[in-house]
Amino acid sequence: MSALTLYSDTDTRTPLWHSTHADEIAEKLNARGVRFERWEADRDLGHDPAPETVIDAYQHAIDKLVAEKGYQSWDVISLRADNPQKEALRAKFLNEHTHGEDEVRFFVEGAGLFCLHIEDQVYQVLCEKNDLISVPAGTPHWFDMGSEPNFTAIRIFDNPEGWVAQFTGSEIADGYPRLA
Ligand SMILES: CSCCC(=O)/C(O)=C/O
Ligand SMILES: [Fe+2]
Ligand code: NI
């Protein structure tokens, strides 16, 4: 179940707020300029669908977002527990970083934990199937795919180069809960 848990950025142990209700999650995130939506699929894609199948199924929703926001490219990322690079990839995304563009991700299946460091709070968003999140450009954040990654997500970019990150050098992520 999708969830949002808020923490202070100086207390890694005491949740300040928690909800598993999509409308409450969206409201809390929207107040910070973070987009959160649920997109319903119009067909069953099965397990581990091919990238073309995923894009085909969501092209209408992608086109709408692209028309609204002017995004330029998209791809599909899929990570499974048998990926030989899973530890390196997990470690990379677990370092707090920013992007010069919005980070737009739609979870087709599986789950991932986005952690947004906004002013003096940390917003931990457990994204699951059908969740769209858009983290505004410049927002410090990290992402945990867990020790046994299992997700397929559409990534939508507003630069043609795709994924570019600036690491903040902060170790803040080390103290907060991770994906179970
Ligand atoms: C869910 S896509 C992989 C994570 C990613 O691209 C990123 O920038 C996390 O912060
Ligand atoms: Fe990121
Ligand atoms: Ni309830």
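All values reported here derive from a predicted model rather than from experimental measurement. Residues: numbered from 1 along the sequence shown. In each ligand, atom 1 is the first atom listed, and ligand 1 is the first ligand listed. Side-chain atoms are counted along with the backbone in the values below, which use heavy atoms only and exclude waters and symmetry mates.
Taking any N or O of Trp142, backbone or side chain, none lies under 3.5 Å from an N or O belonging to ligand 1.
Looking at atom 6 (O) of ligand 1, its nearest protein heavy atom turns out to be Arg105 NH2, 2.9 Å. For atom 5 (C) of ligand 1, the closest heavy atom belonging to the protein is Glu103 OE2, 3.2 Å. Among all protein heavy atoms, the one lying closest to atom 8 (O) of ligand 1 is Trp163 NE1, 2.6 Å.
For ligand 1, the atoms closer than 4.0 angstrom to any heavy atom of His141 are 10 (O).
Ring centroid separation for the pair Trp163 and Phe93 comes in under the 6.0 Å cut-off.
Side-chain contact check for Glu109 and Thr152: at least one donor-acceptor pair (N or O, by modelled atom type) lies under 3.5 Å. Of the N and O atoms on the side chains of Asp11 and Thr14, at least one donor lies less than 3.5 Å from an acceptor on the other residue.
A tilted orientation is assigned to the rings of Phe151 and Phe107, their planes being inclined by 30° to 60°. Ring geometry for His99 against His141 counts as tilted: the plane angle lies between 30° and 60°, on a 0 to 90° scale.
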Start with the C-alpha gap between Leu65 and Tyr71, add the side-chain angles, then the distance that decides, and say whether side-chain contact (heavy atoms from CB on, under 4.5 Å) holds. CA-CA 8 Å; Leu65 202 55; Tyr71 298 135; 3.9 Å; yes
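Between Tyr123 and Leu4, some side-chain heavy-atom pair lies under the 4.5 Å cut-off.
Under 4.0 Å from ligand 1, not a single heavy atom of Met145 appears.
A salt bridge links Arg80 to Asp48: one of the charged nitrogens lies within less than 4.0 Å of a carboxylate oxygen.
Listing protein N, O or S atoms at distances below 2.8 Å from the Fe ion (ligand 2), with waters left out, gives His97 NE2, His99 NE2, Glu103 OE1, His141 NE2.
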